[in-house]
2 protein chains.
Amino acid sequence: MAWSFDKHTPVYLQIAGRIRNDIIRGVYPPDSQIPSVRQLALTAAVNPNTVQHALTALEAEGLIYSESTAGRFVTGNTELIESAKQQAARELVEEFLRRAQELSITKEQLIKMLEEENG
Amino acid sequence: MAWSFDKHTPVYLQIAGRIRNDIIRGVYPPDSQIPSVRQLALTAAVNPNTVQHALTALEAEGLIYSESTAGRFVTGNTELIESAKQQAARELVEEFLRRAQELSITKEQLIKMLEEENG
DNA sequence: ATTACTGTACTAGCACAATAATACAATATA
DNA sequence: TATATTGTATTATTGTGCTAGTACAGTAAT
């Protein structure tokens with residue numbers, strides 16, 4: 001199925017985020033090859049240039065590297081991946097707390113709401 | 001101080017969100033007047049048209065209404081405000097859990113991380 | 001009556017995300 | 001050798017968020 005995107009945030013950032021998450025989760029293991037630009041463009045139902053934009057961003061982060069004409073691969077640096085995972089988790093929690101504060105919701109209320117959620 | 005905005009999301013949505021939160025939190029009480037378009041534009045350091053765009057969105061939600069030449073006012077419908085508060089909290093938690101799932105972080109880990117945060 | 005404030009409307013222009021359509025060099029494979 | 005696939009680059013076009021500037025009508029206060 002074609003990926004679904006939020007209307008109000010750049011598609012290339014959403015694609016980069018999704019692939020970054022897949023690397024962090026191990027869907028794309030270290031040193032493994034990721035799908036080609038054209039294949040990802042087909043899967044996501046977007047223009048190849050948009051995918052290229054996203055992958056360039058991930059390459060700048062060091063999470064992937066491109067082997068000339070062979071394709072793109074996940075970094076073998078597992079420490080970098082672990083670091084990215086920690087950072088993503090930290091940013092997630094921090095943004096959550098910040099937005100909760102903007103709504104004057106206390107941490108205790110948040111934990112209660114989380115426990116009541118079915119997940 | 002001028003408001004700070006995230007680079008990658010439309011400013012008018014961020015302004016609308018901020019004012020919505022202020023209504024929800026009671027910073028702008030029911031039936032009270034909110035600052036004028038031009039005043040908000042000065043405060044936020046953006047163009048008046050951008051503020052107008054944001055306020056039009058809030059008006060469509062029913063949270064504010066405009067009195068011709070007198071100004072804009074928060075709705076007197078406290079149930080609507082309460083409803084908006086519940087919805088905002090629910091969406092916050094749901095998005096948080098969804099993004100955590102994308103990182104393969106369990107609910108138990110999240111609660112532990114929240115408790116360890118200083119807030 | 002004049003002044004100052006309100007909301008509202010309109011045009012023009014800039015920046016950027018995104019699409020579309022190619023094109024080229026390098027490599028692996030049939 | 002020929003073909004397909006890889007990453008990469010280029011140009012043009014469209015849509016939209018945002019700014020800038022201006023204008024008008026209605027109301028309250030001086």
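Worth knowing before you read on, the calculation uses all heavy atoms, side chains too, and leaves out hydrogens, waters and symmetry mates. The chains referred to below are lettered A, B, ... by the order of the sequence lines, with proteins before strands, and numbering in each begins at 1.
Atom CG of Leu40(B) is separated from atom P of dC5(C) by 16 Å (rounded to the nearest Å). Taking atom CG on Asn47(B) and atom P on dA15(C), their separation rounds to 16 Å, with Å as the unit. Going from atom CD of Gln33(B) over to atom P of dA28(D) covers 12 Å, rounded to whole Å. Counting to the nearest Å, the C1' atom of dT16(D) and the OH atom of Tyr12(B) are 9 Å from each other. In this entry the distance linking CD1 of Ile34(B) with P of dT6(C) reads 12 Å, nearest Å. Look at CG on Leu42(B): it is 13 Å from C1' on dC5(C), rounded to the nearest Å. As a whole-Å value, the separation of Glu59(B) CD from dT6(C) P is 16 Å. Atom NE2 in His53(B) sits about 11 Å away from atom P in dT16(D), given to the nearest Å.
Using a 4.0 Å heavy-atom criterion, one finds that Gln52(B) contacts the bases of the nucleic acid, with or without backbone contacts as well.
Listed pair Ser36(A) / dT5(D) fails the phosphate criterion, with no side-chain N or O lying under 4.0 Å from OP1 or OP2. The side chain of Arg72(B) contributes no N or O atom lying less than 4.0 Å from OP1 or OP2 of dC5(C).
Comparing Val46(A) and Glu67(B) by the nucleotide of DNA chain C whose heavy atom lies nearest to each, the residue mapping closer to the 5' end is Glu67(B). Toward the 5' end of DNA chain C, the nearer of the two residues Thr69(A) and Thr9(A), judged by each one's closest nucleotide, is Thr9(A). Comparing Ser68(B) and Ser66(A) against DNA chain D, the residue whose closest nucleotide sits nearer the 5' end is Ser66(A).
Donor-acceptor pairing under 3.5 Å is lacking for the side chains of Gln86(A) and Ser83(A). Side-chain atoms of Thr56(A) and Glu59(A) include no donor-acceptor pair closer than 3.5 Å. Side-chain contact annotation: Thr50(A) with Asn47(A), donor-acceptor N/O pair under 3.5 Å absent.
With respect to the salt-bridge test (charged N to carboxylate O, under 4.0 angstrom), the residues Arg98(A) and Glu102(A) qualify.
Among dT8(C), dT19(D), dT8(D), the nucleotide with an atom closest to any side-chain atom of Arg38(B) is dT8(C). Set against dG7(C), dA20(C), dT19(D), the side chain of Thr50(B) has dT19(D) as its closest nucleotide.
In this model, no side-chain donor or acceptor of Asn49(B) finds a partner on the base of dG17(D) within 3.5 Å.
Counting heavy-atom neighbours within 6.0 Å of Glu82(B) CD, excluding the residue itself, gives a total above 12.
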